[in-house]
Amino acid sequence: SVCLSVCLLLALPHVSHGRGRHGQDMRCGACRALVDEMEWAISQVDPKKMIQTGSFRINPDGSQSVTEVPFARSEANLMELMEVVCERMTEYGERVDPVSDRKTYERILSRDGKKMDLSQTKLDTQVTASLKFACETIVEQNEDELIEFFAHETENVKDKLCSKRTDLCDHALYIPHDEL
């Protein structure tokens, strides 16, 4: 009886660690999928399309503080995209690495019609619901950072946002150690 209690106590941290890691895999996967979906949506906007921003008031000297910026990375467009981006998490499946047992999430619907290898991908409504909830939480808690990143950053957004800025992903999992 004492041995059983000790064995259970020793096993407990490993059980909770695995569950915690699954949650981290889910949050990391949601962040990375969110970045992919936002970048894809931004790339679909005509780069020539512009929007006026600033104040439309007339200054004392008769001028206006209005500037034109590309619509794709404007705050208005980014806010609109963030309202619907998590709906696309239903287009993702879960893949478990057989060696590390880590979970990753990948698109199950092709954007360009090319055939995709989904043989190792698990399609599960519970997984997509959890991924969507994780995505919505990330958007809600990091709205300002998301707008800032997508308005200005164009390179390595996934690593900068999901690892360095929000710490949602294991640094060592996606970034070489020399960059830490």
Point to revise | Residue pair Glu94 / Glu106, side-chain heavy-atom distance below 4.5 Å | key: no
**Study point:** Student check: side-chain heavy atoms of Trp40 and Arg111 closer than 4.5 Å
**Key:**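 Of all side-chain heavy-atom pairs linking Arg111 with Trp40, at least one is under 4.5 Å.
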With a cut-off of 3.5 Å and sequence neighbours excluded, list every side-chain donor-acceptor pair involving residues 68-75.
| unit_1 | atom_1 | unit_2 | atom_2 | d |
| --- | --- | --- | --- | --- |
| Arg73 | NH1 | Phe150 | O | 2.5 |
| Arg73 | NH1 | Glu153 | O | 3.4 |
| Ser74 | OG | Phe71 | O | 2.8 |
| Ser74 | OG | Asn77 | N | 3.2 |

Determine yes or no for a side-chain-to-main-chain donor-acceptor pair under 3.5 angstrom, with [X] supplying the side chain and [Y] the backbone.
X	Y	result
Asp117	Ser119	yes
Ser110	Lys114	yes
Ser63	Asn59	no

Check your understanding: If you look at every heavy atom in Ile138 and Cys31, which pair is closest and at what distance?
Key -> CD1-N, 3.6 Å
Point to revise | Nearest atoms (heavy-atom pairs only) where Gly29 meets Tyr105 | key: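 Residues Gly29 and Tyr105, closest heavy atoms: CA-CD1, 3.7 Å.
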Salt bridge between [X] and [Y], side-chain N to carboxylate O under 4.0 Å?
X	Y	answer
Asp124	Lys122	yes
Arg102	Asp25	yes
Glu145	Lys160	no
Glu37	Arg32	no
Asp36	Lys158	yes

Point to revise | Gln44 atom CD, over 12 foreign heavy atoms within 6.0 Å | key: yes
Review point. Any chance the SG atoms on Cys28 and Cys169 come in under 2.5 Å?
Key: yes
